[in-house]
Amino acid sequence: MSEHSSAAGQTCTISLELNGERRELQVQPWTTLLDLLRDQLGLTGTKKGCDHGQCGACTVLLDGRRINSCLTLAVMHDGARLTTIEGLASTVALHPLQAAFVKHDAFQCGYCTPGQICSAAGLAAEHRASSRDEIREHMSGNLCRCGAYPNILAAIEEALPVLRGQEGAQ
C-alpha cells in the first residue's frame, strides 16, 4: 500500500480482486469498505442499514468469508478477494441462492436481500449448518424488517445442498 497526498488529504493505493476483477483504487484511510463499494465504485447492491454491524445489510464475502463491510476500513484489505452481490451470478445464470430466493419469494422490500444472500453463501462455505435451527442461528446477524424469514429459510435450505455439491465438483 502506498500513500499519496491530495487536496482532500491523504489517500492510499490498494489492490483488490473485486468480483473477479483486479482493481487498483485510491482510498482515504478512514473509508469503510461499504462506503468504497457504494460511493466510490457505484456497487449499490450492498446496503447501508444500521452502519453499526447490527443488521447485516452490508454483508459481503472477503476472501470467501462473510463480513459486515460497514465495520472495516478498506485499507485493511489490500490484496484481498472481495465478492459482492453483483459478483455472485455468472453471466448466464443466477447464483443458486439468488434463484432460490426468487423461487421462494424470500424478500418483500428487498433491502436486506443482498446481505442475506451473501451471508448464506458464506454459511454454505463454512459447512457449519445442516438443520433449520442451525441455519437460523448462523444467519441471526442478518435482519429482515419485513419478516420474510420463513421464505428466506426455505430458500437457504434449498440452495445449501446445491452449493455444497458445486464445491465437491470444483
Side-chain angles (χ1 to χ4, degrees), residues 1 11-90 94-98 100-101 106-107 109-130 134-146 148-149 152-153 155-157 159-160 162-164 166-167 170:
M1 181 170 29
T11 62
C12 301
T13 302
I14 63 169
S15 176
L16 289 175
E17 181 185 315
L18 179 59
N19 295 329
E21 179 184 329
R22 180 59 55 191
R23 303 281 301 263
E24 297 288 326
L25 304 163
Q26 293 293 317
V27 298
Q28 295 174 317
W30 53 84
T31 302
T32 65
L33 191 54
L34 175 61
D35 289 338
L36 172 67
L37 292 170
R38 290 185 58 79
D39 300 339
Q40 189 170 332
L41 299 174
L43 296 174
T44 57
T46 305
K47 303 299 185 218
K48 184 177 274 199
C50 66
D51 220 14
H52 296 288
Q54 297 173 343
C55 72
C58 67
T59 304
V60 297
L61 300 171
L62 184 68
D63 295 326
R65 298 185 53 89
R66 52 193 172 150
I67 66 159
N68 291 330
S69 61
C70 72
L71 293 181
T72 188
L73 298 174
V75 296
M76 297 169 61
H77 304 294
D78 187 30
R81 179 176 43 94
L82 183 67
T83 305
T84 67
I85 191 70
E86 292 90 349
L88 282 180
S90 73
L94 291 175
H95 184 275
L97 279 161
Q98 292 170 318
F101 268 62
F107 43 84
C109 78
Y111 197 82
C112 73
T113 305
Q116 296 275 2
I117 291 173
C118 283
S119 187
L123 174 65
E126 293 167 8
H127 298 283
R128 293 181 5 192
S130 57
E134 289 173 341
I135 293 169
R136 276 190 202 97
E137 175 66 26
H138 292 291
M139 290 292 296
S140 65
N142 291 81
L143 304 180
C144 172
R145 290 173 176 90
C146 299
Y149 289 114
I152 292 169
L153 179 59
I156 295 169
E157 276 186 309
L160 280 182
V162 173
L163 294 171
R164 291 180 177 148
Q166 286 178 349
E167 290 172 2
Q170 293 178 354

Query raised in the report: Are side-chain heavy atoms of L41 and L25 found at a separation under 4.5 Å?
Result: yes
Steps toward side-chain contact (heavy atoms from CB on, under 4.5 Å) verdict (D51, T32)
CA-CA 10 Å; D51 220 14; T32 65; 5.5 Å; no
When rounded to the nearest 0.5 Å, the distance separating CG of L123 from CD of Q116 is 11.0 Å
Between H138 and A129, the two heavy atoms sitting closest are CD2-CB, 4.1 Å
Looking only at heavy atoms, the pair that brings C118 and T59 closest together is CB-O, 3.4 Å
Is L36 close to L16 at the side-chain level, that is, under 4.5 Å between some pair of heavy atoms?
yes
Residues C55 and G49: closest non-hydrogen pair is SG-CA, 3.7 Å
When rounded to the nearest 0.5 Å, the distance separating CG of L62 from CD1 of I67 is 4.5 Å
ask   = Given H77 and T72, is the side-chain contact (heavy atoms from CB on, under 4.5 Å) satisfied, shown in steps?
value = CA-CA 9 Å; H77 304 294; T72 188; 2.6 Å; yes
Note: P96 and A159 closest approach over all heavy atoms is O-CB, 4.0 Å
In terms of heavy-atom contacts, F101 and F107 come closest through O-CE2, 3.5 Å
Rounding to 0.5 Å, atoms SG (C70) and CZ (R38) come to a distance of 12.0 Å
Do other residues, nucleotides or ligands put more than 12 heavy atoms under 6.0 Å from the CZ atom of R145? no
Value for CG (N68) from OG1 (T46), rounded to nearest 0.5 Å, stands at 11.0 Å
* Does the side chain of M76 reach to within under 4.5 Å of the side chain of L33, using non-hydrogen atoms? -> no
Taken to the nearest 0.5 Å, the spacing of L153 CG from I156 CD1 works out to 6.5 Å
- Message: With a 3.5 Å distance limit and no angle check, can you tell me whether Y111 reaches the backbone of K48 through a side-chain donor-acceptor pair?
- Response: yes
Query raised in the report: For E137, does the CD atom sit with more than 12 other heavy atoms under 6.0 Å from it, leaving out its own atoms?
Result: no
With a 4.5 Å limit on heavy-atom distance, are the side chains of M139 and R66 in contact?
-> yes
All heavy atoms of A148 vs all of C144, minimum pair found to be N-SG, 3.3 Å
TODO: For the pair L160 and I135, evaluate side-chain contact (heavy atoms from CB on, under 4.5 Å) and give the outcome as yes or no after the intermediate values.
DONE: CA-CA 10 Å; L160 280 182; I135 293 169; 3.7 Å; yes
In this structure, CD1 of I117 is separated from NE2 of H95 (nearest 0.5 Å) by 9.0 Å
(message) Using only atom types and a distance under 3.5 Å, with no angle test, would you say the side chain of E86 pairs donor to acceptor with the backbone of G45?
(response) yes
pair L18-L37: side-chain heavy atoms closer than 4.5 Å:
yes
Do N142 and I152 come close enough that some side-chain heavy atom pair is under 4.5 Å? no
Original post:
T84 side chain to V60 main-chain N or O, any donor-acceptor pair under 3.5 Å?
Top reply: no
Practice task
Start with the C-alpha distance between L88 and L61, add both sets of side-chain angles, then the distance that settles side-chain contact (heavy atoms from CB on, under 4.5 Å), and finish with yes or no.
Solution key: CA-CA 10 Å; L88 282 180; L61 300 171; 4.3 Å; yes
Taken in chain and number order and not counting sequence neighbours, the residues that satisfy side-chain contact (heavy atoms from CB on, under 4.5 Å) with S15 are R22, E24, D78
Worksheet item: T113 versus K47: any side-chain heavy-atom pair under 4.5 Å?
Response: no
